[in-house]
Amino acid sequence: MTSGTLNPRLAEIVEDFNSLAGQERLQLLLEFSDDLPALPERYAGHRDLLEQVPECQSPLFLAVEVAPDDAVHLFFDAPPEAPTTRGFAGILQAGLDGLDADEVLATPDEFTSQLGLTDLVSPLRLRGMAAMLGRIKRQVRDRRTA
Amino acid sequence: MALPNDDEAKFRDYAHPEKLVSTEWLAEHQGEPGLVVAESDEDVLLYETGHIPGAVKLDWHTELNDPDTRDYVDGQGFARLMSEKGISRDTTLVLYGDRNNWWAAYALWVATLFGHPDVRLLDGGRAKWIAEDRPLTKDAPDRPRTDYPVVERDDTKVRAFREQVVDHLGQPMIDVRSPGEYSGELLHMPDYPQEGAVRGGHIPGARNVPWARAAAEDGTFRGRQELEAIYGGEAGLTSGDDVVVYCRIGERSSHTWFVLTHLLGYPQVRNYDGSWTEWGNSVRVPITRGEKP
């Protein structure tokens with residue numbers, strides 16, 4: 001299901017990537033990797049509370065919370081030896097965390113292919129990010145109907 | 001001009017000790033003319049987080065593959081790539097990477113298709129270099145462009161295609177995937193994306209030796225005796241065997257190809273890079289399910 005348009009924060013990230021030349025895009029992805037927040041205490045060391053995303057090439061775990069005011073909060077865990085996976089998580093964190101559930105659900109599934117990374121990173125690797133987004137949306141839907 | 005070989009005692013037992021260098025050797029020879037170090041990782045950004053000073057990056061997915069056809073780059077593409085990286089035909093090329101040199105071994109196998117005369121692996125790869133607290137840098141290397149000659153790819157010696165594997169049925173074959181992929185219980189590596197094979201199982205007669213068994217805990221290759229016990233003893237290969245190795249897309253099996261060819265000295269080992277993503281989708285090829293060959 002693809003619907004809606006990119007929220008302004010994600011749209012800005014997409015624009016930032018596309019304004020850069022090839023090698024600089026990888027540097028930007030690395031910045032997102034470096035800036036990925038560490039897990040808060042309630043999740044750190046509690047992998048059982050997180051959902052694994054096996055579609056990523058390296059281990060990635062995520063948790064999704066929907067607050068009473070409908071704001072979505074995202075938490076990710078990936079090792080420093082997996083900077084690409086961390087970078088994808090960082091983009092989703094920066095672009096989606098704090099938005100309303102509806103805004104998160106409206107994120108077009110194909111946005112991952114708009115970052116201009118396909119040729120640099122390879123489609124196989126990008127599939128991991130699409131899978132993360134899919135799992136985030138599913139968890140948001142589950143949390144709302146729960 | 002080729003650099004001297006590493007005379008590390010452990011390497012002397014191997015069939016082709018000149019195909020490996022130790023971290024000590026690399027630390028000693030770093031920066032010498034005639035040497036180019038290249039990092040090849042599974043993660044496309046790992047190099048950018050820090051690499052061995054002077055090392056160039058070689059990406060298996062975006063640089064060694066043809067962008068359209070499922071194949072490797074051709075002679076012109078390889079010459080262009082090597083020239084951009086500052087590698088000459090007479091360069092001693094030392095490859096290293098993450099995950100027990102998985103992707104570095106793949107790059108070495110591709111370089112072999114083009115007959116690059118002197119290409120070696122750093123025993124223990126990236127992990128060992130880091131574990132020994134050796135320096136890493138984020139600085140991009142400044143290597144002048146070279147003029148690497150166009151050499152046609154030779155697919156006859158170390159590469160096998162599907163038809164050749166059909167002809168090879170009944171002869172020694174090693175499936176280097178995980179036991180679950182081999183038996184057909186899993187259609188992809190544990191924790192990895194499903195890459196689309198419609199049938200699970202293995203090629204009839206192939207023995208299962210997961211590729212990482214060739215590596216010790218510190219990521220270096222196991223000693224010759226241990227390797228003999230695994231591939232000769234358990235898998236039943238005998239010297240002189242013509243062997244085909246395969247995995248899912250030919251990357252993990254490049255690692256085993258390296259072990260059988262250069263460490264154990266089997267005279268004819270071919271990597272079937274079509275591997276399970278081709279065989280498991282092919283019409284009317286035989287497949288065996290379960291744990292037995």
Side-chain angles (χ1 to χ4, degrees), chain A residues 17 20-36 47 50-62 77-91 112-113 115-135, chain B residues 39-51 56-68 70 84-85 97-100 102-103 106 125-131 136 138-142 178 180-181 186-196 219 248-252 277:
Chain A
F17 271 100
L20 296 172
Q23 212 44 41
E24 292 173 333
R25 284 182 200 173
L26 286 184
Q27 284 301 327
L28 183 57
L29 186 59
L30 194 55
E31 284 173 29
F32 278 103
S33 168
D34 290 342
D35 293 344
L36 182 68
R47 280 260 165 97
L50 304 168
E51 174 175 351
Q52 186 173 7
V53 183
E55 293 88 348
C56 290
Q57 284 198 322
S58 299
L60 179 109
F61 296 82
L62 62 83
D77 187 24
E81 309 81 59
T84 303
T85 301
R86 285 180 62 86
F88 294 160
I91 290 172
T112 54
S113 60
L115 294 162
L117 289 171
T118 312
D119 290 343
L120 292 167
V121 168
S122 89
L124 174 66
R125 287 160 171 156
L126 272 174
R127 281 217 308 243
M129 179 156 52
M132 278 185 227
L133 178 60
R135 282 164 190 268
Chain B
E39 174 162 342
S40 196
D41 296 317
E42 175 174 64
D43 192 299
V44 74
L45 275 185
L46 200 52
Y47 171 90
E48 276 79 8
T49 67
H51 51 83
V56 298
K57 175 182 176 178
L58 195 57
D59 188 60
W60 64 279
H61 208 137
T62 57
E63 294 183 321
L64 295 176
N65 286 299
D66 183 278
D68 302 319
R70 180 175 172 185
E84 280 168 11
K85 306 285 177 189
D98 61 354
R99 305 204 166 211
N100 303 335
W102 173 352
W103 305 98
Y106 192 42
R126 184 181 163 95
K128 185 156 191 280
W129 184 269
I130 292 174
L136 294 178
K138 290 186 181 179
D139 297 342
D142 181 21
S178 59
E181 293 171 271
L186 290 175
L187 281 168
H188 55 94
M189 267 187 281
D191 303 336
Y192 273 69
Q194 155 66 286
E195 280 178 293
R248 173 189 57 127
I249 56 169
E251 14 68 284
R252 283 174 286 178
T277 50

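Order of the sequence lines sets the chain letters (A, B, ...), proteins ahead of strands, with each chain counted from 1. A quick note: this is a predicted structure, and the numbers were derived from the prediction, not measured.
Between atom CD of residue B:Glu48 and atom CD of residue A:Gln23 there is a gap of 5.5 Å, rounded to the nearest 0.5 Å. For the atom pair CG (A:Asp119) and OG1 (B:Thr62), the distance works out to 9.0 Å, reported to the nearest 0.5 Å.
Taking each heavy atom of A:Thr84 and B:Leu45 in turn, the nearest pair found is OG1-N, 3.3 Å. Pairing each heavy atom of A:Thr85 with each of B:Asp43, the nearest pair is N-OD2, 4.0 Å.
Side chains of A:Leu26 and B:Lys57 form a contact here, defined as non-hydrogen atoms less than 4.5 Å apart.
At a 4.5 Å heavy-atom cutoff, B:Asn65 makes no contact with chain A through either its backbone or its side chain.
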